Amino acid sequence: MQIAISVDMEGISGTVSFKQIVAGNPEFERAQRLATADVNSAIAGAREAGATRFFVHDPHWLDQINLLIDELDESAEYVGGQPLLLWEDLDANYGAAFLIGYHARAGQPGIMSHAFSDLICDIRLNGRSVGEGTLAAALAGYYGIPTILVTGDDYVCADMQAWCPAIETAETKVSITRYATRCLPVEEAQANIRQAARRAVAGLADHKPLKIQPPITLEVRWRNNQTARSVALMPSVDIKDQETTRFVHDDFAEVYRALKAMVHIATSSLNAGYLQMP
Ligand SMILES: [Zn+2]
């Protein structure tokens, strides 16, 4: 069986600050090593339960080159370089998806919480707030692939369990505020990831792909009404109120593509960086 693995860095074992997870900072290299080791722990556990091939996607931040390819497990193929939509090459050949190092959704008090850009205050699907993890799981689910493992802080683990009840979780840290967290010892966190990955693959039959019921209403609340108006220039996107845009479609892949296009419009219309983190 082959597994698609999407890797973010905010929920990686031992990371506590944006200063560690953005290229150019002195601590970034440490975060790259930690992220690569978390991925390798998940692969080791999955292999113990019978998985054979691993495709590791690296969508974090703008450049999307974070993991250390020469330190990745020898059975992993690496997918990086911008612009990644996420899960570019998913199809029925994948048996399952893993989310490694994910984080709390925008507006939650979890460590480094956000959704794609700090210009976004909230994303809702059919009225329910979603984070990047749920969106990734829904995109995998669109292709019939269950998301069976998430690793990250206590907020993202609880959030993903609400959407994917059978999902295995490995909590790497407990959030104190958006800017502070208590991390498990790295070795212990990575041992937990390995065990959770093994349980996830062994129990694959218990997992179902996440499907979002059509018609799907995507609402995004932006930091300000200027951004909302720029985004509403897209065909089929309406303004719901001053700061909120709305897009409705039956097909989740179209919804996801629209959301990514909105993020590109929003960040370029203000001449802002892709992510403007404090
Ligand atoms: Zn990230």
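Just so we're clear, the structure is a prediction, and the values are computed from it rather than from any experiment. Numbering of ligands and ligand atoms starts at 1, following listing order.
Under the 6.0 Å cut-off for aromatic ring centres, Phe55 and Tyr78 do not qualify, their centroids lying 6.0 Å or more apart.
Taking backbone and side chain together, His103 holds no N, O or S atom under 2.8 Å from the Zn ion (ligand 1). Counting backbone and side-chain atoms alike, Glu10 contributes an N/O/S atom closer than 2.8 Å to the Zn ion (ligand 1).
In this structure, Arg128 is positioned above the aromatic face of Trp163, its NZ or CZ under 6.0 Å from the six-membered ring centre and within 45° of the axis.
Here the CD-NE2 distance, from Glu10 to His103, works out to 4.0 Å after rounding to the nearest 0.5 Å.
Between Glu219 and Lys240, at least one side-chain nitrogen of the basic residue sits less than 4.0 Å from a carboxylate oxygen of the acidic one, meeting the salt-bridge criterion.
When rounded to 10 degrees, the angle formed at the Zn ion (ligand 1) by ND1 (His60) and OD1 (Asp8) equals 90°.
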